[in-house]
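Chain identifiers are assigned alphabetically (A, B, ...) following the order of the sequence lines, protein sequences preceding nucleic acid strands; residue numbering begins at 1 within each chain. Please read these numbers as outputs of a predicted model, since none were measured by experiment.
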Protein chains: 2
Amino acid sequence: MPTERYDSPDAETIERVVREGQRDGAMVTCLAECEVEYDGRSGGYLGPGDRLVVAKPDGTLLVHRPSGHQPVNWMPAGATIKVEEDEGAPLLYARRSNPNEYLRVYLHEPHLLTRFDADDPATYQERGTEAEMHEYIERNPETAIEEGFRVVEHERESVYGYIDFFGKDAEGRPVVVEVKRRQATLNNVDQLKRYMELYRESREPSERDVSGSTEGANGESDGGGTRWKSNPDVRGILVAPSASDRVRRTLRDDGLEFVELSEFAVEKRESSEKTLSDFL
Amino acid sequence: MPTERYDSPDAETIERVVREGQRDGAMVTCLAECEVEYDGRSGGYLGPGDRLVVAKPDGTLLVHRPSGHQPVNWMPAGATIKVEEDEGAPLLYARRSNPNEYLRVYLHEPHLLTRFDADDPATYQERGTEAEMHEYIERNPETAIEEGFRVVEHERESVYGYIDFFGKDAEGRPVVVEVKRRQATLNNVDQLKRYMELYRESREPSERDVSGSTEGANGESDGGGTRWKSNPDVRGILVAPSASDRVRRTLRDDGLEFVELSEFAVEKRESSEKTLSDFL
DNA sequence: GGTTACATGTCGCAT
DNA sequence: ATGCGACGTGTAACC
C-alpha cells in the first residue's frame, strides 16, 4: 500500500511525516483546523477554520477551503517546506525566494494526516489548444482566413515580433493575423494593433517598397525621407471563435478585421478515433 | 471527529461517501491510481497514475498530481458530481453547463477515501492589493505621481471608461493614469493607450482645450512632442513598481510616461518582522 | 534568470 | 448571463 495515515497526529509525527515525504518524494495531506499567514508579493491572514492542506514533494503547498476551485493560500513549486512548532503546536512553514515569500499554516487541530507515495508517469494529452488552431490555419489558410490568403511566416519565427501569422492576401497586401482560441477581448485587439505597429516599423521590404534603404536607425528621420511608416497598407485580422459587439466595433473603428473561426477541430482526429463521449 | 476514512474502499462505499458528502456539505478526498478524461472548453486525457482527487461540496472537483501547483484536471464550482461505474470500477463524473463540460476520473485503485465535515467560517484578509495602491495614490497624489498632480476621477466611476485615474497636472493638462501592482507589461501599455483614446474621443472640455484643432494625422511628429486629434494635450502615465527596458521604450515611443511606485504602503513593515499577532 | 504570451485560467464586479 | 479586468495569477517557451 502506497499510503499511510495517522489519526489526530501529534507534532512529532507531523514533523517526521512531512520531512520524510519531502525527502522521499511523497505527497502529504492533512485535514485540520488551522490558521494561515502569508506574506510576500501580497500578504494575508486567514483565521481558524477547517481546511485540506497538501504538501507536494516539489515544494508546492496548498491550503484548500471547503469551497472554491483555487486554494485560499499556497506556495508554488520550489519552496522549502518544514514543520516548526509554535508553543507546542505544529506549524507548516513554506518559504521561497524570487520572489521572497513565506506561508505559515498553524495546525491547531490536525484530524488526519496521510502520506501518499504517488507514482505518476503519465503525460497529459491535451486537445483544442491554440497551437492546434494554428496548425489548422497553417494547413487551411484559405478556409480559415479568406480566399487567396497565404502564410508567409508563422508565429515566433517572425522577425517582426511575436506575430501569430504574417501573410499576404490575394492582392499581395501584407496581413498580420492574431489568433485566439476563446472569445476575443479588447486586450486581443490591443495586441493585434501592437503587432501591426511592429510590422510597420520593421520596414519589411515588400513588393511595393522599392527603396533599398541603408538607414539602420530607429526611423527617427523626419522631413522628406520619412520611411517611418513605410508599410502603411498592412491589414490586421483577429481570428477567434467569437467576439463581443464592442470588440467588433473597436476593430472596425481601427480599420481592422474579424474572422470567426470556431470549427477548426473537426479535422483534428480521424472519425474512427472518436469515442462515445464525443457525442454526449 | 469531523473526519471519516476508508481504506481501499469499494465502489459502493465511494458512491455513498461522495453522494452524502455533496449532500451534507463535506469535502471528500481520495488517494487513488486513476485515469482522467476531460472534454469541454478544451479536451484531454491523462493515463493511469497516482493522484489526489478532491470533491468539494460546491461541485469543485480537483485532480492533483504529485507535483505542480495546479491540478492537472478539474471542474470549477457549480458542477454536479456523481459516482458512476465503469465495468464494476468506480468513476467520478463531474458535469456542468455554460460552458458544457465534463470530467471523468476512473478510480482504478482507490487507496484511501476520506470525508471531512469542514467548517470554515473565516474570511480571508488580504493586504497589498491594487486597491490599496489606488488608495495610496488617492491620498498622496503628488508623492505617488508627480508634483502638482490632482485626481479628478477615480477608477470605473469615470465616464471615459475603465480608467484607473483621471487627473490634471500642475499646468492643468489632463492626465490618464493606469496603475499596476506588478512589473508593467506590454499589455499594460496597450491598455493605457486604449484608455487614452477613449478619453480623446470623449472630447472632454478642458481649460486648455482651445477649439479648432485642425491637425488630422495621428502621431505625425517632427522630432518634438506628439500631438493628437481632438484632446491633444492629454498625458498618459503608467504607474508600476518596475518595467522592463522594452516597456519603457515602448512608452517613450508613444509619448507616454512611466512612474515607478513600489513602496506605496507606508504602514508596511519588513516581512521578517511581521507576526501573526499583527493581524489580531 | 528575465521577458513574453497562453490558459479548460479563476474570480469578482458591474451592466 | 455577459463583458471586462485583476490575479500572490501559474506555466511554458524563448533568449
Report yes or no: is there a donor-acceptor pair, N or O only, under 3.5 Å between the side chain of A:N73 and the base of D:dG8?
yes

As a test of reading the structure: which of C:dA5, C:dT10, D:dT2 is closest to the side chain of B:N98, going by heavy atoms?
D:dT2

When you check the gap from the basic side-chain N to the acidic O, do A:R194 and A:E178 get nearer than 4.0 Å?
no

Specify the separation, in whole Å, of atom CG of A:D164 and atom P of D:dA13.
16 Å

Atom NE2 of A:H69 and atom P of C:dA7 are separated, to the nearest Å, by 16 Å

Whole-Å distance, A:R249 CZ to D:dC4 P, equals 9 Å

Taking B:Y106 as the fixed residue, which of B:E37, B:E84, B:E35 is the one that meets the side chain to side chain donor-acceptor pair (under 3.5 Å) rule?
B:E37

When you check the phosphate oxygens OP1 and OP2 of C:dA5, does a side-chain N or O of A:Y195 lie under 4.0 Å from one of them?
yes

Between B:Q191 and D:dC4, does any side-chain N or O lie under 4.0 Å from OP1 or OP2?
no

B:T60 and B:V54, any side-chain heavy atoms less than 4.5 Å apart:
no

Among D:dG5, C:dT10, D:dT9, the one nearest B:P76 by side-chain distance:
C:dT10

Please work out if A:M75 contacts a base, only the sugar-phosphate, or nothing of the nucleic acid, heavy-atom cut-off 4.0 Å.
base

Report the residue (A:A77 or B:E126) whose heavy-atom-nearest nucleotide on DNA chain D is the more 5′ of the two.
B:E126

Rounding to a whole Å, what distance do you find between A:R127:CZ and C:dA7:P?
15 Å

Side chains of A:V36 and A:V72 in contact at under 4.5 Å (non-hydrogen atoms)
no

Whole-Å C1' distance, D:dC7 and C:dC6:
15 Å

Work out how far the P atom of C:dT4 is from that of C:dT8, and round it to whole angstrom.
23 Å

Run the salt bridge (Lys or Arg N to Asp or Glu O under 4.0 Å) check on A:D120 and B:R51 step by step: do they pass?
CA-CA 7 Å; A:D120 188 351; B:R51 288 123 205 173; 2.7 Å; yes

Quiz item: A:Y38 side-chain donor-acceptor pair to D:dG8 base, under 3.5 Å
yes

With the side chain defined as heavy atoms from C-beta on, A:Q70 is closest, among C:dT8, C:dC11, D:dG8, to C:dC11

Using a distance-only test with no angle check, is there a side-chain donor-acceptor pair under 3.5 angstrom linking A:Y38 and B:E126?
no

Roughly, in whole Å, what's the span from CD in B:E132 to C1' in D:dG8?
13 Å

Residues touching DNA chain C, which here means a heavy atom under 4.0 Å, drawn from residues 177-188 of chain A:
A:E178, A:K180, A:R181, A:R182

note: A:E130, atom CD; C:dC6, atom P; distance rounded to Å ~ 5 Å

Could you please name the option among D:dG8, C:dT10, C:dT4 that lies closest to any side-chain atom of B:R41?
C:dT10

Do NZ/NE/NH1/NH2 and the carboxylate oxygens of B:E132 and B:R127 come within less than 4.0 Å?
no

For DNA chain C, what residues of residues 237-246 of chain B have any heavy atom nearer than 4.0 Å?
B:S244, B:R246

Side-chain donor/acceptor contact of A:E101 with base of D:dG8 under 3.5 Å:
yes

Separation of A:D190 atom CG from C:dT4 atom P, in whole Å?
16 Å

Atom CH2 of A:W74 and atom P of C:dT10 are separated, to the nearest Å, by 14 Å

Just to be sure I understand the rule, does A:Y124 reach a base, reach only the sugar-phosphate, or reach nothing, if contact means heavy atoms closer than 4.0 Å?
base

Select base, sugar-phosphate, or nothing to describe what A:R194 touches, counting heavy atoms under 4.0 Å on all strands.
sugar-phosphate

If you measure only the distance, is there a donor-acceptor pair under 3.5 Å linking the side chains of B:T185 and B:N188?
yes

Upstream residue (5' side of DNA chain C) when B:G43 and A:G68 are each assigned their closest nucleotide
B:G43

Do we see a donor-acceptor contact under 3.5 Å between the side chains of B:Q191 and B:Y195?
yes

Is the Lys NZ or Arg CZ of A:R104 less than 6.0 Å from the centre of A:Y102's six-membered ring, within 45° of the axis?
yes

Side chains of A:K56 and B:P66 in contact at under 4.5 Å (non-hydrogen atoms):
no

On a whole-Å scale, what distance lies between the P atoms belonging to D:dT11 and C:dC11?
16 Å

